[in-house]
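Report on the structure given below.
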There are 2 protein chains.
Amino acid sequence: MSKQLVVLDTPADQVCCPPIAEAALDAAQATDLARMFKALGDPIRLRLLSRITSAPEGEICVCDLTGDDFDVTGPTISHHLKTLREAGLIEGERRGTWVYYRPVVENLRQLAALLAI
Amino acid sequence: MSKQLVVLDTPADQVCCPPIAEAALDAAQATDLARMFKALGDPIRLRLLSRITSAPEGEICVCDLTGDDFDVTGPTISHHLKTLREAGLIEGERRGTWVYYRPVVENLRQLAALLAI
DNA sequence: CTCCTGTCTAGATGACTATCTAATCAGCCG
DNA sequence: CGGCTGATTAGATAGTCATCTAGACAGGAG
């Protein structure tokens, strides 16, 4: 089995929807959107996302995320990054030795718009 | 043990924070905020919140949420409402026979602001 | 008071998740 | 190639969660 390490998987693209206060979500929309919110529902992932979105260059090296700031092991960080990636909130790219992550802005904006009251 | 059914519990008041893209969240802020996002991370809760926030009167009777739209039992709906309530996203009040829920607007707005990019 | 309806709590169960250690893959350097 | 570092995957385990059924509580009607 030749499973490759594919960092750039393209997931959950373009979900939808007006603000939740305007029209009731249907089940299918809710399922997609809940996947994204669920990914935000962990303190470590939220901090990772914050570090990624606030990176000055628009992206950040994983090597800058595995420092002592988060007191979990490297594989755990990697697991959380994968969760954020599969939710469509970030995307990653390997360049030589290092892997860089950046936010998927339109999906983050969509979540923000959804909560606008 | 005289545990009363208190629908109006006051939880998680006023958490904080500039947009995640402006400054990295610290661990304490992330914990509070993740609790709210986690509550949004379930399709049924997201739909419930949508129904509540989009209710024409600004609130909605639980009896209007336990219909056939959601194919889970009444207690499960009740459980999800409790989760949303304890996360500080909605608040409820009994008036006679019925219980009404309404959104906690400032907390929803806070989440939206947090995701602004 | 007694019955009925609406809503919630309690307890059980199966599924999922966060975390770890160990192992693997990718790329660089000598 | 052989070894080194960065990052991910695999597999195990303990804890959490969504859901159900059964039972309890609140309030109104007879």
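We name chains A, B, ... by the order of the sequence lines, and we start the count at 1 in each one.
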Measure from the side-chain heavy atoms of B:Pro75 and tell me the nearest of C:dT9, D:dA7, C:dT7.
-> C:dT9
B:Val99, nearest nucleotide to its side chain (from D:dA18, C:dA26, C:dT7) | C:dT7
Whole-Å distance between C:dA18 P and A:Leu48 CG?
-> 12 Å
Distance in angstrom units between B:Leu40 CG and D:dA18 C1', rounded | 17 Å
Can you list every salt bridge (charged side-chain N to carboxylate O under 4.0 Å, His left out) pair that touches residues 62-75 of chain A, not counting sequence neighbours?
-> A:Arg51-A:Asp69
Expected list for residues 62-69 of chain B near DNA chain C, using heavy atoms below 4.0 Å, is B:Val62, B:Cys63
What nucleotide among D:dA7, D:dC17, D:dA18 has an atom nearest to a side-chain atom of B:Lys38?
-> D:dC17
Any side-chain heavy-atom pair of A:Leu115 and B:Leu40 under 4.5 Å = yes
Sub-4.5 Å side-chain heavy-atom contact between B:Leu89 and B:Ile52 | no
For A:Asp42 and D:dG15, give me the distance from atom CG to atom P, rounded to whole Å.
-> 17 Å
Examine distances only and state if a side-chain atom of B:Ser78 and a backbone atom of B:Gly74 form a donor-acceptor pair shorter than 3.5 Å.
-> no
Within the distance-only criterion (no hydrogens, no angle test), does the side chain of A:Glu22 pair as donor or acceptor with the backbone N or O of A:Pro19 below 3.5 angstrom?
-> no
B:Thr76 vs D:dC20: side-chain N/O to OP1/OP2 distance below 4.0 Å = yes
Does the side chain of B:Tyr101 get closer than 4.0 angstrom to OP1 or OP2 of C:dC8 through an N or O atom?
-> yes
Identify whether any heavy atom of B:Thr97 sits under 4.0 Å from a base atom; if not, whether one sits that close to sugar-phosphate; answer base, sugar-phosphate or nothing.
-> sugar-phosphate
Straight-line distance of B:Ile20 CD1 to A:Leu108 CG, nearest 0.5 Å = 6.0 Å
Please determine if A:Arg85 forms a cation-pi arrangement with A:Tyr101, meaning its NZ or CZ atom is less than 6.0 Å from the six-membered ring centre and no more than 45° off the ring axis.
-> no
Any donor-acceptor pair under 3.5 Å linking the side chain of A:Thr31 with the backbone of A:Ala27?
-> yes
Name the nucleic acid region contacted by B:Ile44, choosing base, sugar-phosphate or nothing; use a 4.0 angstrom heavy-atom cut-off, strictly under.
-> sugar-phosphate
Per-helix bend value, the helix from C:dC1-D:dG30 to C:dG30-D:dC1, C1' rotation axes over five pairs per end, 10° rounding, shows 10°
For A:Arg95 and for A:Asp71, locate the closest nucleotide of DNA chain C by heavy-atom distance; then report the residue assigned to the nucleotide nearer the 5' terminus.
-> A:Asp71
Distance in angstrom units between A:Lys82 NZ and C:dA18 P, rounded = 13 Å
Please report, rounded to the nearest Å, how far the P atom of C:dA18 is from the CZ atom of A:Phe70.
-> 15 Å
Would you indicate, yes or no, if C:dT19 has its OP1 or OP2 atom less than 4.0 angstrom from a side-chain nitrogen or oxygen of A:His80?
-> yes
Spatial distance of atom NE2 (B:His80) from atom CD1 (B:Ile90) [nearest 0.5 Å] = 11.5 Å
D:dG23 C1' sits how many Å from B:His79 NE2, rounded?
-> 18 Å
Following the transitive rule for hydrophobic clusters with a side-chain heavy-atom cut-off under 4.5 Å over Ile, Leu, Val, Met, Phe, Trp and Tyr, establish whether A:Leu49 and B:Leu111 coincide in one cluster.
-> yes
In terms of the nearest nucleotide of DNA chain C, which residue is placed more toward the 5' end: A:Arg45 or A:Gly96?
-> A:Arg45
Value in whole Å for how far the P atom of C:dC8 lies from CH2 of B:Trp98 = 14 Å
Rounded to the nearest Å, what distance is computed from the OH atom of residue A:Tyr100 to the C1' atom of nucleotide C:dG27?
-> 13 Å
